[in-house]
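Here the structure is laid out as C-alpha coordinates; the discussion comes afterwards.
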Amino acid sequence: MSSVTSQPSAAAPAQDLSAPAPKYPITDKVREAMNISLRGCEELLPETEWLHKLARAEATGVPLRIKLGLDPTAPDIHLGHTVVLNKMRQLQDLGHTVIFLIGDFTSMIGDPSGRNTTRPPLTAEQIKANAETYYKQASLVLDPEKTEIRYNSEWSDALGARGMIQLAAKYTVARMMERDDFTKRFKAGTPISIHEFLYPLMQGYDSVALRADLELGGTDQKFNLLMGRHLQQEYGQEPQCILTMPLLEGLDGVEKMSKSKGNYVGITEPANDMFAKLLSISDELMWKYFTLLSFRSEAEIAKLRREVADGRNPKEVKVLLAKEITARFHSPRAADEAEADFNLRARGGVPDEIPEVSLPGAPLAIGALLKQAGLAPSTSEALRLVDQGGVRVDGAVVSDRALKLSSGTYVVQVGKRKFARVTLA
(Lines give C-alpha, C1' and ligand atoms only; values in the text may rest on other atoms or scores of the structure.)
Protein backbone atom coordinates (compact mmCIF):
# COMPACT_ATOMS: atom_id res chain seq x y z
CA MET A 1 0.00 0.00 0.00
CA SER A 2 1.43 3.35 -1.02
CA SER A 3 2.30 6.02 1.48
CA VAL A 4 1.08 9.58 1.11
CA THR A 5 4.67 10.74 0.82
CA SER A 6 5.15 8.97 -2.51
CA GLN A 7 4.80 11.20 -5.56
CA PRO A 8 4.06 10.58 -9.24
CA SER A 9 7.29 9.78 -11.03
CA ALA A 10 6.69 12.62 -13.48
CA ALA A 11 6.83 15.24 -10.71
CA ALA A 12 9.69 17.73 -10.65
CA PRO A 13 12.15 17.66 -7.73
CA ALA A 14 11.08 19.58 -4.64
CA GLN A 15 12.62 23.00 -4.18
CA ASP A 16 15.05 23.69 -1.35
CA LEU A 17 13.05 26.15 0.72
CA SER A 18 15.89 26.65 3.18
CA ALA A 19 17.99 28.49 0.59
CA PRO A 20 17.35 32.22 0.08
CA ALA A 21 15.20 32.85 -2.98
CA PRO A 22 17.17 34.55 -5.77
CA LYS A 23 15.90 37.91 -6.96
CA TYR A 24 14.91 38.28 -10.58
CA PRO A 25 14.33 41.57 -12.42
CA ILE A 26 10.77 42.86 -12.80
CA THR A 27 10.77 43.73 -16.48
CA ASP A 28 8.04 45.33 -18.60
CA LYS A 29 7.21 41.87 -19.92
CA VAL A 30 6.75 40.61 -16.37
CA ARG A 31 4.49 43.57 -15.52
CA GLU A 32 2.39 42.89 -18.62
CA ALA A 33 2.04 39.24 -17.59
CA MET A 34 0.94 40.44 -14.16
CA ASN A 35 -1.69 42.72 -15.72
CA ILE A 36 -3.01 39.80 -17.78
CA SER A 37 -3.17 37.68 -14.63
CA LEU A 38 -5.17 40.33 -12.79
CA ARG A 39 -7.70 41.06 -15.53
CA GLY A 40 -11.18 40.25 -14.28
CA CYS A 41 -9.92 38.25 -11.30
CA GLU A 42 -11.45 38.48 -7.83
CA GLU A 43 -8.27 37.76 -5.86
CA LEU A 44 -4.65 36.87 -6.60
CA LEU A 45 -2.90 35.68 -3.47
CA PRO A 46 -0.20 36.57 -2.67
CA GLU A 47 0.36 39.03 -5.51
CA THR A 48 4.01 39.64 -4.65
CA GLU A 49 4.79 35.91 -4.76
CA TRP A 50 3.14 35.56 -8.16
CA LEU A 51 5.06 38.56 -9.49
CA HIS A 52 8.33 36.94 -8.43
CA LYS A 53 7.30 33.60 -9.93
CA LEU A 54 6.65 35.36 -13.25
CA ALA A 55 10.02 37.10 -13.03
CA ARG A 56 11.77 33.80 -12.31
CA ALA A 57 10.06 32.13 -15.25
CA GLU A 58 11.15 34.86 -17.63
CA ALA A 59 14.74 34.91 -16.33
CA THR A 60 15.22 31.12 -16.31
CA GLY A 61 13.02 30.14 -19.25
CA VAL A 62 11.30 27.52 -17.08
CA PRO A 63 7.52 27.83 -17.49
CA LEU A 64 5.25 27.90 -14.47
CA ARG A 65 2.80 25.09 -13.77
CA ILE A 66 -0.78 26.35 -13.67
CA LYS A 67 -3.52 24.05 -12.48
CA LEU A 68 -7.28 24.01 -12.95
CA GLY A 69 -9.35 21.14 -11.67
CA LEU A 70 -12.91 20.39 -12.74
CA ASP A 71 -15.02 17.55 -11.46
CA PRO A 72 -17.04 15.91 -14.26
CA THR A 73 -20.35 16.29 -12.42
CA ALA A 74 -22.32 16.98 -15.63
CA PRO A 75 -21.71 16.03 -19.27
CA ASP A 76 -21.51 19.58 -20.62
CA ILE A 77 -19.47 22.71 -20.03
CA HIS A 78 -21.22 26.09 -20.11
CA LEU A 79 -19.94 29.65 -20.39
CA GLY A 80 -19.65 29.91 -16.61
CA HIS A 81 -16.94 27.23 -16.70
CA THR A 82 -15.08 29.10 -19.41
CA VAL A 83 -14.39 32.08 -17.13
CA VAL A 84 -11.48 30.20 -15.56
CA LEU A 85 -10.67 28.42 -18.83
CA ASN A 86 -10.24 31.81 -20.52
CA LYS A 87 -7.77 32.83 -17.82
CA MET A 88 -5.92 29.55 -18.32
CA ARG A 89 -5.70 30.27 -22.04
CA GLN A 90 -4.33 33.77 -21.41
CA LEU A 91 -1.58 32.32 -19.18
CA GLN A 92 -1.00 29.51 -21.66
CA ASP A 93 -0.43 32.08 -24.39
CA LEU A 94 2.29 33.59 -22.18
CA GLY A 95 4.19 30.31 -22.48
CA HIS A 96 3.31 28.61 -19.21
CA THR A 97 2.26 24.99 -18.73
CA VAL A 98 -1.43 24.60 -18.04
CA ILE A 99 -2.72 21.45 -16.40
CA PHE A 100 -6.35 20.56 -17.01
CA LEU A 101 -7.10 18.25 -14.12
CA ILE A 102 -10.17 16.04 -14.36
CA GLY A 103 -11.33 15.15 -10.87
CA ASP A 104 -12.42 11.60 -11.51
CA PHE A 105 -11.47 10.64 -7.92
CA THR A 106 -12.81 13.73 -6.13
CA SER A 107 -16.10 13.42 -8.05
CA MET A 108 -16.75 10.28 -6.04
CA ILE A 109 -16.66 12.43 -2.86
CA GLY A 110 -18.61 15.43 -4.14
CA ASP A 111 -17.46 19.02 -3.64
CA PRO A 112 -19.27 20.54 -0.63
CA SER A 113 -18.36 24.11 -1.68
CA GLY A 114 -21.38 26.36 -1.34
CA ARG A 115 -23.64 23.44 -0.46
CA ASN A 116 -26.17 23.36 2.36
CA THR A 117 -26.63 19.61 2.04
CA THR A 118 -24.40 16.64 1.34
CA ARG A 119 -23.83 16.31 -2.43
CA PRO A 120 -24.83 12.88 -3.71
CA PRO A 121 -21.69 11.18 -5.06
CA LEU A 122 -21.65 10.13 -8.70
CA THR A 123 -21.23 6.55 -9.82
CA ALA A 124 -18.04 5.47 -11.58
CA GLU A 125 -20.05 5.05 -14.78
CA GLN A 126 -21.42 8.62 -14.60
CA ILE A 127 -17.97 10.03 -13.93
CA LYS A 128 -16.43 8.17 -16.85
CA ALA A 129 -19.17 9.24 -19.27
CA ASN A 130 -18.91 12.90 -18.24
CA ALA A 131 -15.10 12.95 -18.26
CA GLU A 132 -15.04 11.72 -21.86
CA THR A 133 -16.66 14.97 -23.03
CA TYR A 134 -14.96 17.42 -20.65
CA TYR A 135 -11.59 17.77 -22.28
CA LYS A 136 -13.03 17.77 -25.80
CA GLN A 137 -15.16 20.75 -24.84
CA ALA A 138 -12.37 22.47 -22.87
CA SER A 139 -10.20 22.23 -25.99
CA LEU A 140 -12.51 24.76 -27.61
CA VAL A 141 -10.85 27.28 -25.27
CA LEU A 142 -7.44 25.82 -24.41
CA ASP A 143 -4.72 24.96 -26.93
CA PRO A 144 -4.81 21.15 -26.85
CA GLU A 145 -1.24 20.92 -28.16
CA LYS A 146 0.04 22.79 -25.10
CA THR A 147 -2.24 21.39 -22.41
CA GLU A 148 -1.29 18.70 -19.91
CA ILE A 149 -4.25 16.44 -19.13
CA ARG A 150 -4.27 14.65 -15.79
CA TYR A 151 -6.75 12.63 -13.73
CA ASN A 152 -6.44 12.84 -9.97
CA SER A 153 -7.12 9.14 -9.60
CA GLU A 154 -3.49 8.73 -10.78
CA TRP A 155 -2.19 9.55 -7.30
CA SER A 156 -5.35 9.49 -5.17
CA ASP A 157 -6.10 5.81 -5.78
CA ALA A 158 -2.50 4.98 -4.85
CA LEU A 159 -2.77 6.58 -1.41
CA GLY A 160 -4.72 3.73 0.13
CA ALA A 161 -6.08 3.80 3.67
CA ARG A 162 -2.68 4.40 5.29
CA GLY A 163 -1.87 7.31 3.01
CA MET A 164 -5.32 8.86 3.50
CA ILE A 165 -4.86 8.76 7.29
CA GLN A 166 -1.43 10.39 6.99
CA LEU A 167 -2.89 13.08 4.77
CA ALA A 168 -5.79 13.74 7.16
CA ALA A 169 -3.24 14.29 9.94
CA LYS A 170 -2.00 17.41 8.10
CA TYR A 171 -5.10 19.45 9.03
CA THR A 172 -7.29 20.00 12.06
CA VAL A 173 -11.04 19.78 12.52
CA ALA A 174 -11.05 23.30 13.98
CA ARG A 175 -9.44 24.69 10.82
CA MET A 176 -11.83 22.68 8.64
CA MET A 177 -14.81 24.14 10.52
CA GLU A 178 -13.63 27.65 9.64
CA ARG A 179 -15.03 26.93 6.21
CA ASP A 180 -18.20 28.97 5.81
CA ASP A 181 -20.51 26.30 4.42
CA PHE A 182 -19.47 23.77 7.07
CA THR A 183 -20.00 26.36 9.83
CA LYS A 184 -23.48 27.25 8.62
CA ARG A 185 -24.53 23.64 8.30
CA PHE A 186 -23.15 22.78 11.74
CA LYS A 187 -24.98 25.68 13.40
CA ALA A 188 -28.19 24.79 11.57
CA GLY A 189 -27.95 21.16 12.65
CA THR A 190 -27.67 20.05 9.02
CA PRO A 191 -25.73 16.78 8.68
CA ILE A 192 -22.09 16.93 7.53
CA SER A 193 -20.65 13.63 6.42
CA ILE A 194 -17.06 12.79 7.41
CA HIS A 195 -16.14 12.10 3.78
CA GLU A 196 -16.88 15.76 2.93
CA PHE A 197 -13.85 16.79 5.00
CA LEU A 198 -11.74 14.71 2.62
CA TYR A 199 -12.65 16.78 -0.43
CA PRO A 200 -10.54 19.90 0.30
CA LEU A 201 -7.71 17.65 1.49
CA MET A 202 -7.73 15.69 -1.76
CA GLN A 203 -7.95 18.84 -3.89
CA GLY A 204 -5.04 20.29 -1.95
CA TYR A 205 -3.05 17.09 -2.40
CA ASP A 206 -3.56 17.40 -6.15
CA SER A 207 -1.37 20.53 -5.97
CA VAL A 208 1.30 18.56 -4.11
CA ALA A 209 1.26 15.78 -6.72
CA LEU A 210 1.40 18.23 -9.62
CA ARG A 211 3.79 20.73 -7.97
CA ALA A 212 1.55 23.57 -9.04
CA ASP A 213 2.80 27.17 -9.05
CA LEU A 214 -0.71 28.61 -9.41
CA GLU A 215 -4.19 27.17 -8.99
CA LEU A 216 -7.31 28.75 -10.46
CA GLY A 217 -10.89 28.47 -9.35
CA GLY A 218 -14.13 30.32 -8.70
CA THR A 219 -14.56 32.47 -5.62
CA ASP A 220 -16.39 29.57 -3.96
CA GLN A 221 -13.17 27.52 -4.19
CA LYS A 222 -10.96 29.80 -2.08
CA PHE A 223 -10.84 27.46 0.93
CA ASN A 224 -9.84 24.50 -1.24
CA LEU A 225 -7.20 26.52 -3.11
CA LEU A 226 -5.62 27.69 0.15
CA MET A 227 -5.55 24.07 1.27
CA GLY A 228 -3.18 23.42 -1.63
CA ARG A 229 -0.81 26.10 -0.33
CA HIS A 230 -0.92 24.61 3.16
CA LEU A 231 -0.24 21.05 2.06
CA GLN A 232 2.57 22.03 -0.30
CA GLN A 233 4.33 23.70 2.64
CA GLU A 234 3.70 20.57 4.73
CA TYR A 235 5.50 18.52 2.06
CA GLY A 236 8.41 20.95 1.68
CA GLN A 237 7.35 22.47 -1.63
CA GLU A 238 7.18 26.09 -2.64
CA PRO A 239 3.51 27.00 -2.03
CA GLN A 240 1.30 27.77 -4.98
CA CYS A 241 -0.36 31.12 -5.48
CA ILE A 242 -4.11 31.15 -5.95
CA LEU A 243 -6.25 33.09 -8.39
CA THR A 244 -10.00 33.23 -7.99
CA MET A 245 -12.39 34.34 -10.70
CA PRO A 246 -15.89 35.75 -10.11
CA LEU A 247 -18.86 33.47 -10.53
CA LEU A 248 -20.75 34.36 -13.70
CA GLU A 249 -24.44 35.09 -13.31
CA GLY A 250 -26.66 33.25 -15.74
CA LEU A 251 -29.12 34.67 -18.22
CA ASP A 252 -31.47 35.67 -15.40
CA GLY A 253 -28.83 38.00 -13.99
CA VAL A 254 -29.44 36.69 -10.47
CA GLU A 255 -28.26 33.11 -9.89
CA LYS A 256 -24.85 31.83 -10.96
CA MET A 257 -24.92 30.12 -14.34
CA SER A 258 -26.07 26.56 -13.88
CA LYS A 259 -27.61 23.93 -16.07
CA SER A 260 -29.90 22.86 -13.22
CA LYS A 261 -31.27 26.42 -13.02
CA GLY A 262 -31.84 26.63 -16.78
CA ASN A 263 -30.01 29.96 -17.03
CA TYR A 264 -26.97 28.70 -18.90
CA VAL A 265 -25.38 28.92 -22.34
CA GLY A 266 -23.74 25.61 -23.25
CA ILE A 267 -20.60 25.87 -25.36
CA THR A 268 -21.81 23.10 -27.68
CA GLU A 269 -25.27 24.59 -28.22
CA PRO A 270 -26.31 25.41 -31.80
CA ALA A 271 -24.99 28.77 -32.96
CA ASN A 272 -28.46 30.28 -33.36
CA ASP A 273 -29.44 29.36 -29.79
CA MET A 274 -26.15 30.63 -28.36
CA PHE A 275 -26.45 33.96 -30.16
CA ALA A 276 -30.09 34.48 -29.16
CA LYS A 277 -29.44 33.60 -25.51
CA LEU A 278 -26.55 36.05 -25.28
CA LEU A 279 -28.71 38.83 -26.70
CA SER A 280 -31.23 38.17 -23.93
CA ILE A 281 -28.91 39.26 -21.08
CA SER A 282 -29.48 42.66 -19.48
CA ASP A 283 -27.57 45.73 -20.64
CA GLU A 284 -25.82 45.97 -17.26
CA LEU A 285 -24.82 42.28 -17.09
CA MET A 286 -23.37 42.61 -20.60
CA TRP A 287 -20.31 44.41 -19.22
CA LYS A 288 -19.46 41.60 -16.82
CA TYR A 289 -19.77 39.16 -19.72
CA PHE A 290 -17.40 41.35 -21.74
CA THR A 291 -14.83 41.39 -18.93
CA LEU A 292 -14.96 37.67 -18.17
CA LEU A 293 -15.74 36.12 -21.56
CA SER A 294 -14.52 38.47 -24.30
CA PHE A 295 -10.97 38.45 -25.64
CA ARG A 296 -11.19 42.17 -26.43
CA SER A 297 -8.69 44.35 -24.61
CA GLU A 298 -9.74 46.29 -21.53
CA ALA A 299 -9.18 49.49 -23.51
CA GLU A 300 -11.61 48.32 -26.23
CA ILE A 301 -14.26 47.43 -23.64
CA ALA A 302 -13.83 50.79 -21.90
CA LYS A 303 -14.30 52.52 -25.27
CA LEU A 304 -17.54 50.60 -25.89
CA ARG A 305 -18.82 51.59 -22.44
CA ARG A 306 -18.14 55.24 -23.18
CA GLU A 307 -19.97 54.97 -26.50
CA VAL A 308 -23.05 53.49 -24.81
CA ALA A 309 -22.91 56.19 -22.12
CA ASP A 310 -22.83 58.75 -24.92
CA GLY A 311 -25.96 57.35 -26.52
CA ARG A 312 -25.00 54.33 -28.63
CA ASN A 313 -27.69 51.63 -28.62
CA PRO A 314 -26.50 48.97 -26.13
CA LYS A 315 -28.04 46.26 -28.31
CA GLU A 316 -25.46 47.04 -31.02
CA VAL A 317 -22.67 46.39 -28.53
CA LYS A 318 -24.38 43.26 -27.22
CA VAL A 319 -24.46 41.94 -30.79
CA LEU A 320 -20.66 42.34 -30.91
CA LEU A 321 -20.34 40.23 -27.77
CA ALA A 322 -22.78 37.58 -28.97
CA LYS A 323 -21.03 37.29 -32.35
CA GLU A 324 -17.56 37.07 -30.78
CA ILE A 325 -18.53 34.22 -28.47
CA THR A 326 -20.61 32.40 -31.08
CA ALA A 327 -17.74 32.63 -33.58
CA ARG A 328 -15.30 31.25 -30.99
CA PHE A 329 -17.29 28.07 -30.44
CA HIS A 330 -18.60 27.71 -33.99
CA SER A 331 -17.20 29.96 -36.75
CA PRO A 332 -17.43 33.58 -37.95
CA ARG A 333 -19.78 32.44 -40.71
CA ALA A 334 -22.03 30.67 -38.20
CA ALA A 335 -22.12 33.84 -36.09
CA ASP A 336 -23.14 35.93 -39.12
CA GLU A 337 -25.86 33.43 -39.99
CA ALA A 338 -27.09 33.38 -36.38
CA GLU A 339 -27.39 37.17 -36.42
CA ALA A 340 -29.33 37.06 -39.70
CA ASP A 341 -31.61 34.34 -38.35
CA PHE A 342 -32.25 36.32 -35.16
CA ASN A 343 -33.11 39.47 -37.11
CA LEU A 344 -35.45 37.55 -39.40
CA ARG A 345 -37.33 36.04 -36.49
CA ALA A 346 -37.48 39.40 -34.70
CA ARG A 347 -39.32 40.77 -37.76
CA GLY A 348 -41.74 37.85 -37.62
CA GLY A 349 -40.24 36.17 -40.66
CA VAL A 350 -39.70 32.47 -41.23
CA PRO A 351 -36.13 31.12 -41.56
CA ASP A 352 -35.11 29.76 -44.94
CA GLU A 353 -34.40 26.31 -43.55
CA ILE A 354 -36.89 24.76 -41.12
CA PRO A 355 -37.67 21.11 -40.35
CA GLU A 356 -40.09 19.38 -42.71
CA VAL A 357 -42.56 17.07 -40.96
CA SER A 358 -45.21 14.80 -42.48
CA LEU A 359 -47.99 13.55 -40.19
CA PRO A 360 -50.92 11.21 -40.89
CA GLY A 361 -54.36 11.38 -39.32
CA ALA A 362 -55.85 14.63 -40.61
CA PRO A 363 -57.76 16.35 -39.22
CA LEU A 364 -55.34 16.57 -36.28
CA ALA A 365 -55.82 18.50 -33.04
CA ILE A 366 -53.30 21.29 -32.43
CA GLY A 367 -52.03 19.74 -29.18
CA ALA A 368 -51.31 16.39 -30.82
CA LEU A 369 -49.77 18.12 -33.85
CA LEU A 370 -47.30 20.09 -31.76
CA LYS A 371 -46.27 16.99 -29.82
CA GLN A 372 -45.90 14.75 -32.89
CA ALA A 373 -43.99 17.46 -34.79
CA GLY A 374 -41.48 17.76 -31.94
CA LEU A 375 -42.48 21.34 -31.15
CA ALA A 376 -43.68 20.49 -27.62
CA PRO A 377 -42.64 17.70 -25.24
CA SER A 378 -46.22 16.69 -24.46
CA THR A 379 -49.79 17.43 -25.43
CA SER A 380 -50.46 19.15 -22.10
CA GLU A 381 -47.44 21.40 -22.58
CA ALA A 382 -48.60 22.13 -26.14
CA LEU A 383 -52.01 23.25 -24.88
CA ARG A 384 -50.36 25.39 -22.21
CA LEU A 385 -48.39 27.14 -24.97
CA VAL A 386 -51.63 27.72 -26.89
CA ASP A 387 -53.23 29.25 -23.80
CA GLN A 388 -50.24 31.61 -23.47
CA GLY A 389 -50.50 32.76 -27.08
CA GLY A 390 -47.18 31.19 -27.97
CA VAL A 391 -48.33 29.18 -31.01
CA ARG A 392 -48.78 30.45 -34.57
CA VAL A 393 -50.00 28.67 -37.68
CA ASP A 394 -49.14 30.41 -40.95
CA GLY A 395 -48.40 33.55 -38.96
CA ALA A 396 -51.72 33.70 -37.10
CA VAL A 397 -51.82 33.25 -33.32
CA VAL A 398 -53.75 30.15 -32.26
CA SER A 399 -56.15 30.93 -29.42
CA ASP A 400 -58.43 27.87 -29.59
CA ARG A 401 -56.97 24.78 -27.91
CA ALA A 402 -59.66 22.69 -29.66
CA LEU A 403 -58.40 23.70 -33.13
CA LYS A 404 -58.06 20.86 -35.63
CA LEU A 405 -56.09 21.20 -38.87
CA SER A 406 -57.23 19.44 -42.02
CA SER A 407 -55.08 18.06 -44.82
CA GLY A 408 -52.49 20.49 -46.18
CA THR A 409 -49.14 22.11 -45.42
CA TYR A 410 -48.72 24.65 -42.62
CA VAL A 411 -45.85 26.69 -41.16
CA VAL A 412 -46.14 26.17 -37.41
CA GLN A 413 -44.24 28.37 -34.96
CA VAL A 414 -43.80 27.92 -31.20
CA GLY A 415 -42.29 30.82 -29.31
CA LYS A 416 -39.75 32.91 -31.16
CA ARG A 417 -37.36 30.26 -32.36
CA LYS A 418 -39.15 26.96 -33.03
CA PHE A 419 -40.52 26.38 -36.54
CA ALA A 420 -41.66 23.41 -38.60
CA ARG A 421 -43.31 23.01 -41.99
CA VAL A 422 -45.97 20.39 -41.27
CA THR A 423 -47.78 18.44 -43.96
CA LEU A 424 -50.95 16.65 -42.85
CA ALA A 425 -52.36 13.76 -44.86
Side-chain angles (χ1 to χ4, degrees), residues 74 76 78-80 249-266 268-286 289 313-315 318-319 321-322 326 337-425:
D76 298 309
H78 54 62
L79 288 182
E249 290 87 355
L251 302 175
D252 56 7
V254 179
E255 300 279 357
K256 79 171 184 177
M257 187 173 287
S258 167
K259 191 167 185 179
S260 63
K261 294 182 174 66
N263 64 354
Y264 71 103
V265 181
T268 57
E269 286 192 42
N272 289 2
D273 292 347
M274 180 179 287
F275 182 89
K277 282 186 174 183
L278 287 166
L279 277 192
S280 74
I281 64 175
S282 69
D283 294 347
E284 185 58 35
L285 185 60
M286 167 178 70
Y289 274 50
N313 188 339
K315 182 182 176 183
K318 205 179 298 180
V319 166
L321 174 69
T326 303
E337 291 175 349
E339 180 185 17
D341 178 77
F342 182 90
N343 291 336
L344 180 65
R345 296 187 190 196
R347 295 192 300 269
V350 179
D352 293 334
E353 295 184 10
I354 61 174
E356 302 274 352
V357 180
S358 295
L359 299 176
L364 191 62
I366 186 66
L369 183 149
L370 294 177
K371 180 180 182 297
Q372 293 178 33
L375 295 171
S378 65
T379 301
S380 60
E381 175 64 12
L383 295 177
R384 187 184 69 81
L385 291 167
V386 169
D387 293 340
Q388 293 178 343
V391 178
R392 291 174 180 266
V393 174
D394 289 341
V397 175
V398 176
S399 57
D400 181 7
R401 55 164 43 207
L403 173 70
K404 290 186 177 182
L405 299 179
S406 56
S407 299
T409 299
Y410 306 88
V411 173
V412 184
Q413 177 182 355
V414 174
K416 292 183 178 180
R417 295 191 290 273
K418 286 186 178 180
F419 290 85
R421 185 170 284 106
V422 180
T423 300
L424 294 178

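Nothing fancy with the numbering, it's 1 onward along the sequence. Just so we're clear, the structure is a prediction, and the values are computed from it rather than from any experiment.
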Criterion side chain to side chain contact (heavy atoms under 4.5 Å, CB included) on M257 and L79, from CA distance to verdict: CA-CA 8 Å; M257 187 173 287; L79 288 182; 3.9 Å; yes
Separation between CD of Q413 and NZ of K418, rounded to the nearest 0.5 Å: 12.0 Å
Pairwise side-chain contact, L321 with Y289, heavy-atom cut-off 4.5 Å (strictly under): yes
By side-chain contact (heavy atoms from CB on, under 4.5 Å) - contacts of D387 (at least two apart): R401
Check: K318 side chain, I281 main-chain N or O, donor-acceptor pair, under 3.5 Å: yes
Closest heavy-atom pair and its distance - G367, A382: O-CB, 3.7 Å
Between CD on residue E249 and CD on residue E284, distance to nearest 0.5 Å: 10.5 Å
L359 vs T423 side-chain heavy atoms within contact, under 4.5 Å: no
Side-chain heavy-atom pair V393, I366 within 4.5 angstrom cut-off: yes
Considering all heavy atoms, the nearest Y264-L251 contact: O-CD1, 3.9 Å
Residue pair P314 / D283: nearest heavy atoms and the distance that separates them: CG-OD2, 3.4 Å
Where G253 and L285 come nearest, the two heavy atoms and their spacing: CA-CD2, 3.9 Å
Heavy-atom pair of closest approach, residues K404 and P363: CB-CB, 4.3 Å
Non-hydrogen side-chain atoms of L424 and V422 separated by less than 4.5 Å: yes
Side chain to side chain, V319 and E339, heavy atoms closer than 4.5 Å: yes
Criterion side-chain contact (heavy atoms from CB on, under 4.5 Å) against K277, the qualifying member of N272, V265, T326: V265
Validation row: T409, R421 side chains within 4.5 angstrom (heavy atoms): yes
Nearest heavy-atom neighbours spanning A376 and L385: CB-CD1, 4.3 Å
Side chain E269, main chain G266, donor-acceptor under 3.5 Å: yes
Pairwise distance CG(L369) to CG(L375) - rounded to 0.5 angstrom: 7.5 Å
CG on L405 to CG on L364, rounded to 0.5 Å: 7.5 Å
